[in-house]
There are 2 protein chains.
Amino acid sequence: MQIALDSFDVKLLAALQENSAATNAEIGETIGLSASQVSRRRQKLEDNGIIRRYRAALNPEALGFTVTAFVGVTLGAHSRENARKFRNMVTAMPEVQEAHTLTGDVDYMLKVVVRDLKALSRIVNDELLPQEAVQHVKSSIAMDTLKDDNLLPLA
Amino acid sequence: MQIALDSFDVKLLAALQENSAATNAEIGETIGLSASQVSRRRQKLEDNGIIRRYRAALNPEALGFTVTAFVGVTLGAHSRENARKFRNMVTAMPEVQEAHTLTGDVDYMLKVVVRDLKALSRIVNDELLPQEAVQHVKSSIAMDTLKDDNLLPLA
DNA sequence: AGTGAAAAACAATGGCG
DNA sequence: CGCCATTGTTTTTCACT
């Protein structure tokens with residue numbers, strides 16, 4: 001999928017990932033385009049999958065999610081089938097916000113968000129560790145989050 | 001800030017973080033509420049800060065961001081001033097999507113997104129390591145991302 | 001490539017049960 | 001809280017550069 005983006009498209013994407021509630025007219029004003037062009041370009045970017053979706057960013061603390069943890073997981077004797085089961089499981093777990101396979105000594109890095117430490121303990125001890133494939137789990141708790149915007153550096 | 005949320009609010013929040021482009025009528029249909037009530041509740045949730053903002057989720061690969069890395073940073077002799085400088089810097093870096101202070105042997109965990117390994121190298125060697133406060137940096141590259149939705153587990 | 005204006009869709013309020 | 005009607009925005013389409 002090779003898509004040519006001009007500088008208007010990039011500016012539009014930057015504006016939308018910053019604030020998708022802005023009207024086409026408002027965005028047009030900031031990037032120097034008419035509302036109708038913003039609409040047309042936006043639709044093209046949605047159609048070709050560059051814009052994946054629109055979502056509301058919620059306030060975790062206000063909703064009681066006070067614990068964020070990074071959980072490093074090391075797998076044991078790599079049976080293909082057990083590793084697949086593990087991946088399916090973490091993908092399906094709602095508390096797992098991110099799951100990546102890493103280079104280095106840790107096979108997987110999970111970002112987990114829960115209401116309290118008890119819930120984290122339950123996830124590690126009752127869900128992750130019982131998995132056949134899992135050999136070792138190491139959790140680090142985020143004491144403070146300086147930044148969590150997950151915005152692409154389009155600038 | 002103590003806010004009472006009933007099950008309609010929770011369902012509404014779940015629907016909005018899943019897809020904020022849905023119309024109030026569509027959301028109302030899925031959560032069992034009229035469009036006008038969805039509108040009223042949504043506004044209240046925006047006003048009291050439970051809904052922070054609306055954003056477009058973009059496709060990183062389509063935009064050329066092929067490298068995601070987790071960078072663990074250990075600070076040296078903790079001069080308060082140097083640590084503050086470090087925090088200000090990572091917060092201002094657009095390539096840093098997340099920055100957390102952690103429990104354990106690593107002081108900070110950064111999630112970095114860039115176009116190629118060269119850009120990652122530049123960030124580590126030319127931006128992070130020259131910082132006074134930084135003693136040690138260890139990067140792990142995400143070879144595969146299974147999940148990256150950053151949705152709160154409201155279910 | 002782009003604009004501007006009309007038409008269609010939608011959000012937001014208020015009143016009533 | 002549902003329903004309905006109204007009002008004002010906003011999106012989208014169309015004609016025209």
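All chains are named by letter (A, B, ...) in the order of the sequence lines, taking the proteins before the strands, and each is independently numbered beginning at 1. Just the heavy atoms: all of them, side chains too, but no hydrogens, waters or symmetry mates, feed the values below.
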Integer-rounded Å distance: C/dA12 P and B/Glu46 CD | 7 Å

For residues B/Ile141 and B/Phe70, determine if any side-chain heavy atom of one lies less than 4.5 Å from a side-chain heavy atom of the other.
-> no

So does B/Arg42 get a side-chain nitrogen or oxygen closer than 4.0 Å to the phosphate oxygens (OP1/OP2) of C/dA12?
-> no

Is any side-chain nitrogen or oxygen of A/Ser39 closer than 4.0 Å to OP1 or OP2 of D/dT12?
-> yes

Take the protein atom CG of A/Leu33 and the nucleotide atom C1' of C/dG4, then report the distance between them rounded to whole Å.
-> 13 Å

Send over the distance from A/Asp6 CG to C/dG2 C1', rounded to a whole Å.
-> 12 Å

What integer distance in Å separates A/Arg41:CZ from C/dA1:P?
-> 7 Å

Closest to the side chain of B/Arg40, out of D/dT13, C/dG15, D/dT11, is C/dG15

Does any non-hydrogen side-chain atom of B/Glu61 lie less than 4.5 Å from one of B/Asn59?
-> yes

Please tell me if the side chains of A/Arg41 and A/Leu33 come closer than 4.5 Å, counting only heavy atoms from C-beta onward.
-> yes

Given atom CG of A/Leu45 and atom P of D/dT12, what is their separation to the nearest angstrom?
-> 13 Å

Linked, directly or transitively: B/Met89 and B/Val113 (ILVMFWY side chains, under 4.5 Å) | no

Answer yes or no: is there an ion pair linking B/Asp9 with B/Arg42, defined by an N-O contact shorter than 4.0 Å?
-> no

What integer distance in Å separates A/Asp9:CG from C/dA1:P?
-> 10 Å

Starting at CD of B/Gln37 and ending at P of C/dT13, how long is that distance when rounded to a whole Å?
-> 13 Å

Give A/Gly32 one of three labels, base, sugar-phosphate or nothing, depending on what nucleic acid heavy atoms sit under 4.0 Å from its own.
-> nothing

Among D/dG2, C/dA1, D/dT11, find the nucleotide with the atom closest to the side chain of A/Asn24.
-> D/dT11

Which nucleotide in D/dT12, D/dC1, D/dC4 has an atom nearest any side-chain atom of B/Ser36 | D/dC4

Which one, D/dC1, C/dT13, C/dG2, comes nearest to the side chain of B/Gln43?
-> C/dT13

A/Thr23 side chain: which of C/dG4, D/dC3, D/dT11 is closest?
-> D/dT11

Separation of atom CD1 in B/Ile27 from atom C1' in D/dG2, rounded to whole Å = 18 Å

